[in-house]
Amino acid sequence: MTNLPLSVPVAPNRLSLSKFARRSPSAAIGAALVVLILLVALFAPWIAPYDPIAQDIANRLMPPSAAHWFGTDSFGRDLLSRLIYGTRPTLMLLAIVILLTTPVGIAIGIVAGFYGGMVERILMRITDIAMAFPKLVLALAFVAVLGAGLVNGALALALTAWPAYARQTRSETVSLRKSDYLAAAEMMGITGPRLLFGHVLPLVLPGAIVRMALDLGGIILIAAGLGFLGLGVRPPTPEWGAMVADGTQVIFDQWWVAATPGAAILLTSFAFNLLSDGLRDLMDPRNG
Amino acid sequence: MSLVDISDLNVTFRDQDVGRHILRGITVAIEEGETFGLLGPSGCGKSTLLRVIAGLNRDWHGSMSLLGEAVAPRRRFTGKLRRQVQMVFQDPYASLHPRHRIGRALREPLVVNGLDNPDKRVTEALAEVGFGPDVASRYPHQLSGGQRQRIAIARALLLRPKLLLLDEPTSALDMSVQAEILNLLVTLKARFGMSFVLVSHDPDVIGHMCDRAARMAEGRIAATFDRPALAAGAAAAR
């Protein structure tokens with residue numbers, strides 16, 4: 001048999017930046033904002049005009065001016081610098097939560113969905129139990145027991161965040177289990193971890209990534225909530241939630257003290273939501 | 001001894017506590033080197049029978065021996081048996097992993113089964129079904145249905161099976177491509193000395209391809225045909 005020519009032209013499979021922006025402008029804006037926030041966190045010491053914890057009591061509660069673009073807080077600290085440094089604990093907490101939850105949730109979901117039966121029942125009941133805990137309340141209890149701090153807050157959030165991934169991944173895996181390509185893989189003698197993580201994982205990963213991006217906005221809000229209640233990072237380290245809490249005492253006279261970190265929380269949460277919305281469209285395999 | 005020896009095979013599916021009898025007392029023997037056809041209306045159990053022989057449906061009662069080896073129900077096929085019984089699925093759009101390039105889809109079975117020179121074998125396997133080595137870098141969605149089915153055939157042949165199960169291998173394809181795939185299968189069968197079990201609802205395909213055939217109805221074998229009968233068009237007659 002001679003080599004038949006391939007009649008189908010190959011579509012370029014690489015996702016170029018301009019194509020990405022055209023297909024989903026909102027995702028592009030979200031991605032740009034997220035990148036911006038990451039850069040700000042990374043280069044905070046070089047960008048921030050002032051030391052974020054240096055107090056200047058003579059200039060406390062100053063309105064926005066050329067010297068202090070967003071004004072100063074009740075200790076005379078520059079709000080812009082504190083905002084810039086505040087990206088760090090927020091993103092750090094996000095990273096810890098994501099790194100702890102997604103791999104665990106996805107692994108449990110795949111194993112439960114693929115093997116079914118008793119394995120599935122036990123794993124999913126554990127998932128249900130973990131899911132039954134109220135997120136913020138458990139986080140409060142955790143922090144109360146282990147002490148305030150970024151890592152403790154993140155641990156508490158991680159404990160309640162993974163079940164969503166396990167459930168979603170399980171249901172996707174169940175629908176894949178009967179597919180011909182997994183049957184074909186089984187006939188080739190491909191079993192165990194190789195089948196689960198080489199064949200099932202690539203198909204459930206896009207869904208989990210979209211879910212993760214959607215969760216990020218919510219985690220930022222909860223992180224800020226912990227900070228607001230004084231259970232996040234310890235003062236004087238700048239943290240957005242704690243900054244909002246500081247600002248509430250003077251909200252009628254010096255509204256910008258609470259409004260600027262509030263806007264930062266809003267903007268970051270919004271950026272991740274835009275990004276996740278676009279990712280959902282792009283990561284659909286049918287769009288490949 | 002026959003290549004496939006099945007006697008009194010029963011399969012029931014439990015559907016909301018109502019047992020549905022899919023296969024009722026199937027007894028069939030398939031000889032080495034022949035192409036055995038299974039035809040019948042949809043729902044008659046022919047695909048289920050094929051999946052039992054393939055080791056994909058392990059929940060059955062009765063006795064079966066494949067390639068001279070007795071097979072027990074609920075037991076996963078391993079080793080030589082797993083390699084020597086392979087299958088080509090009906091829908092080429094669903095049988096190739098959408099996120100694996102062709103090269104990986106063909107290479108992985110070789111690696112898993114510990115065969116030497118996987119890269120050379122992949123190139124050979126592609127050549128057997130009429131592709132150049134460049135197709136290895138493509139994804140399935142970049143190929144047409146007929147091309148995908150040829151890749152699926154190449155994959156099924158990688159482990160040099162003795163028995164190749166064909167589950168309506170052409171029914172999802174255009175008429176022109178159907179003939180191409182069937183001819184390719186005939187050529188490869190002669191080259192590698194395989195036996196085929198071909199499931200089809202198309203009596204013409206069965207009549208063209210098979211040495212013997214059985215018509216199934218409601219989970220039973222209703223009639224069997226030998227080559228002269230098939231040549232006379234018996235499979236098409238009702």
Side-chain angles (χ1 to χ4, degrees), chain A residues 1-15 106 110 114-119 169 172-173 175-210 279 282-288, chain B residues 51 54-56 76-79 82-83 85-100 104-106 108-114 126-135 137-144 146-147 150 152 155-156 158-159 161 165 167 180 183-184 187-188:
Chain A
M1 199 169 178
T2 53
N3 282 357
L4 300 169
L6 286 166
S7 54
V8 182
V10 176
N13 207 42
R14 235 168 268 124
L15 198 62
I106 291 173
I110 288 180
F114 192 81
Y115 289 109
M118 213 53 198
V119 178
T169 307
E172 283 186 30
T173 307
S175 69
L176 289 171
R177 192 167 55 181
K178 295 282 169 213
S179 71
D180 279 354
Y181 40 84
L182 293 189
E186 195 191 328
M187 294 208 67
M188 298 291 155
I190 299 168
T191 53
R194 195 174 190 114
L195 186 65
L196 293 185
F197 297 105
H199 291 243
V200 181
L201 181 64
L203 296 167
V204 299
L205 200 56
I209 288 177
V210 169
L279 280 181
L282 293 172
M283 290 216 148
D284 191 327
R286 278 159 299 192
N287 263 338
Chain B
R51 290 178 81 88
L56 293 174
R76 186 186 289 276
F77 289 12
T78 52
R82 181 66 289 165
R83 288 196 297 278
V85 179
Q86 290 298 332
M87 178 151 157
V88 176
F89 293 84
Q90 175 175 11
D91 183 2
Y93 290 89
S95 68
L96 296 171
H97 195 290
R99 297 262 161 178
H100 288 174
R104 169 163 183 195
L106 296 182
E108 194 170 10
L110 297 168
V111 174
V112 168
N113 287 281
L126 287 171
E128 279 158 14
V129 294
F131 284 117
D134 54 322
V135 78
S137 62
R138 307 244 180 140
Y139 283 100
H141 68 80
Q142 294 170 323
L143 302 175
S144 71
Q147 289 171 333
R150 283 195 277 143
R155 178 179 60 182
L158 280 173
L159 305 177
L165 310 169
D167 187 5
E180 174 201 315
N183 291 335
L184 173 66
T187 312
L188 292 171

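The figures that follow rest on heavy atoms only: side chains count, while hydrogens, waters and symmetry mates do not. Numbered from 1 within each chain, the chains take letters A, B, ... in sequence-line order.
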Minimum-distance pair of heavy atoms, taken over all atoms of [X] and [Y]:
X: A:Asp180; Y: B:Ala94; result: CB-O, 3.4 Å
X: A:Ala183; Y: B:Arg51; result: CB-NH2, 4.2 Å
X: A:Gly189; Y: B:Val112; result: O-CG1, 3.4 Å
X: A:Ala184; Y: B:Ser95; result: CB-O, 4.0 Å

Given that the side chain runs from C-beta out, which part of B:Leu159 has a heavy atom under 4.5 Å from chain A: side chain, backbone, both or neither?
side chain
B:Val88, part contacting chain A, at a heavy-atom distance under 4.5 Å:
neither
Mind checking the CZ-CD spacing from B:Phe77 to A:Glu186? Nearest 0.5 Å is all I need.
10.0 Å
Decide yes or no for [X] and [Y]: does some side-chain heavy atom of the first lie under 4.5 Å from some side-chain heavy atom of the second?
X: A:Met188; Y: B:Arg155; answer: yes
X: A:Thr191; Y: B:Arg82; answer: no
X: B:Arg99; Y: A:Leu205; answer: no

Would the distance check show the side chain of A:His199 and the main-chain N or O of B:His97 forming a donor-acceptor pair, the cut-off being under 3.5 Å?
no
Chain A shares the most heavy-atom pairs under 4.5 Å, among B:Arg104, B:Met87, B:Glu108, with B:Glu108
